[in-house]
Amino acid sequence: MEQLELLRADLAECDEILLHTLAMRNRIVEQIMAYKEANNMPIIQPEQEKKQAEWLSGQLEHTRHSREIQNIFDEVYRNSKKIQARQLFDYNIVLIGFMGAGKSTISSYLNTIFGMEVVEMDQIIAQREGMTISDIFEVHGEEYFRDLETNLLIEMQNKKNVVISCGGGVPMRERNHPEMKKNGKVVLLTARPETILDRVKDDHSRPLLENNKNVEFIEQLMEKRRSRYEAVADIIINTDGKTKLEICEELVQKLQG
Ligand code: S3P
């Protein structure tokens with residue numbers, strides 16, 4: 001019995017060390033962020049993350065329970081990213097842009113680098129309706145789909161520090177604009193029609209483009225939409241020829257500025 005008590009006391013000591021270490025680690029993460037911001041350095045540094053991962057896997061090679069420890073570290077690293085994201089954005093990031101402008105790609109990358117929750121509007125609507133976007137258009141009509149979008153935007157207003165990836169048509173309804181602004185900062189992603197065509201050519205989930213996969217159509221629809229997109233955007237990022245990392249760095253910089 002005595003021995004059990006001693007072991008429990010040792011375990012409690014370990015937990016205390018862990019607790020203090022994690023608190024210290026989080027403070028350091030905040031200090032690193034502040035340093036990078038003060039010195040105009042890139043916030044996202046994937047090579048540093050890679051170094052940490054390599055160090056850890058080397059350490060775990062001959063350690064017992066390596067998988068369990070790895071899991072904990074994964075969570076520690078992910079939480080550091082969330083701390084960074086909360087420090088950078090105390091609002092939601094609302095991504096808009098034409099079909100194929102890169103909204104889903106950038107949302108998912110923001111999830112990878114900042115651990116931010118992603119709300120993919122099209123996906124949620126399709127899930128809730130139990131059918132694809134194309135089927136919703138066909139069965140209920142476009143207006144019905146647009147109402148679902150507006151309602152979802154309003155529903156998302158109680159969230160914070162999430163990425164909301166809007167369907168390409170969301171900014172076309174002017175009454176959606178204040179709803180998007182209430183949520184946070186609106187980021188418009190743009191690309192040349194040629195780039196868009198290249199990105200969407202093998203995809204069949206977009207009813208508006210299905211029989212119109214050519215540069216002229218895309219250019220015309222884009223031109224029709226441009227003023228609405230620009231009217232609601234807080235910042236604009238052109239994505240042609242840029243990597244996900246470059247786009248996200250630009251996003252962070254422009255939102256800070
Ligand atoms: C639409 C864009 C699509 C989807 C629907 C209509 C549009 O979303 O909401 O097909 O009007 O631009 P993505 O922009 O994510 O492709």
Side-chain angles (χ1 to χ4, degrees), residues 92-111 116-156 162-177 179-180 183-184 186-233 235-240 242 244 247-248 251:
N92 293 336
I93 295 179
V94 183
L95 288 181
I96 62 165
F98 201 78
M99 294 167 264
K103 299 174 301 265
S104 302
T105 307
I106 294 306
S107 306
S108 124
Y109 196 59
L110 285 169
N111 172 271
M116 293 175 83
E117 183 194 337
V118 174
V119 173
E120 188 72 52
M121 287 184 67
D122 275 352
Q123 204 176 311
I124 293 182
I125 290 176
Q127 251 167 26
R128 288 184 180 174
E129 293 294 299
M131 56 176 111
T132 64
I133 302 294
S134 302
D135 287 344
I136 299 175
F137 268 63
E138 209 172 306
V139 175
H140 299 293
E142 180 167 349
E143 203 53 20
Y144 175 86
F145 173 73
R146 298 301 178 197
D147 286 341
L148 294 177
E149 286 185 322
T150 303
N151 293 341
L152 185 55
L153 267 186
I154 294 168
E155 187 186 324
M156 289 305 148
V162 304
V163 184
I164 299 167
S165 177
C166 296
V170 171
M172 297 315 294
R173 263 196 180 179
E174 218 146 337
R175 56 183 267 239
N176 285 344
H177 290 199
E179 308 301 347
M180 295 158 91
N183 259 358
V186 181
V187 177
L188 169 59
L189 300 178
T190 64
R192 292 166 50 231
E194 291 79 1
T195 311
I196 298 284
L197 179 62
D198 195 51
R199 291 179 186 161
V200 304
K201 63 180 188 302
D202 300 322
D203 179 279
H204 299 287
S205 67
R206 297 174 170 101
L208 297 180
L209 291 185
E210 201 41 28
N211 296 312
N212 299 306
K213 288 196 179 136
N214 59 75
V215 170
E216 296 69 36
F217 179 86
I218 292 173
E219 200 163 20
Q220 269 176 24
L221 187 56
M222 241 183 184
E223 212 37 58
K224 250 199 232 158
R225 290 181 166 194
R226 182 202 297 277
S227 62
R228 292 276 168 90
Y229 282 174
E230 290 180 355
V232 69
I235 64 164
I236 302 177
I237 302 176
N238 173 262
T239 63
D240 289 306
K242 291 180 192 159
K244 293 185 281 195
I247 294 166
C248 287
L251 181 147

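Counting starts at 1 for both ligands and their atoms, in listed order. Note that the numbering runs from 1 along the sequence shown for the chain.
Counting protein heavy atoms only, atom 14 (O) of ligand 1 is closest to K103 NZ, 2.7 Å. Among protein heavy atoms, the minimum distance from atom 16 (O) of ligand 1 is reached at R206 NE, 2.6 Å. The nearest heavy-atom contact from the protein to atom 5 (C) of ligand 1 is I133 CG2, 3.8 Å.
Comment: K213 does not engage D203 in a salt bridge, judged by the lack of any side-chain N to carboxylate O separation of less than 4.0 angstrom.
Residue contacts with ligand 1 include R225, since one or more of its heavy atoms lies under 4.0 Å from the ligand. Distances from ligand 1 to the non-hydrogen atoms of R146 include at least one value under 4.0 Å.
Short contacts between ligand 1 and L208, defined as distances under 4.0 Å to a heavy atom of the residue, involve ligand atoms 7 (C), 11 (O). Atom numbering of ligand 1 starts at 1 in the shown order; those under 4.0 Å from a heavy atom of F145 are 9 (O). The G169 neighbourhood of ligand 1 comprises atoms 1 (C), 7 (C), 11 (O), 12 (O), with distances under 4.0 Å to a heavy atom of that residue. Per-residue contacts place D122 under 4.0 angstrom from the following atoms of ligand 1 (heavy atoms of the residue considered): 3 (C), 4 (C), 8 (O), 9 (O), 13 (P), 15 (O). Atoms of ligand 1 lying under 4.0 Å from at least one heavy atom of P207, given by number and element, are 10 (O).
At distances below 3.5 Å, not a single donor-acceptor pair connects side-chain atoms of H204 with backbone N or O atoms of E210.
Under 3.5 Å, the side chains of E120 and S104 contain a donor-acceptor pair of N or O atoms.
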For this session: Any chance you could lay out the salt bridge (charged side-chain N to carboxylate O under 4.0 Å, His left out) test for R146 and E149, step after step, and finish with the verdict?
Result: CA-CA 5 Å; R146 298 301 178 197; E149 286 185 322; 3.0 Å; yes
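More than 12 non-hydrogen atoms from other residues, nucleotides or ligands lie less than 6.0 angstrom from CD of E155.
Ring-plane geometry between Y229 and F98 is classed as perpendicular, the angle between the planes exceeding 60 degrees on a 0 to 90 degree scale with a lower cut at 30.
Among all heavy-atom pairs drawn from R206 and G100, the shortest one is NH2-N, 3.8 Å.
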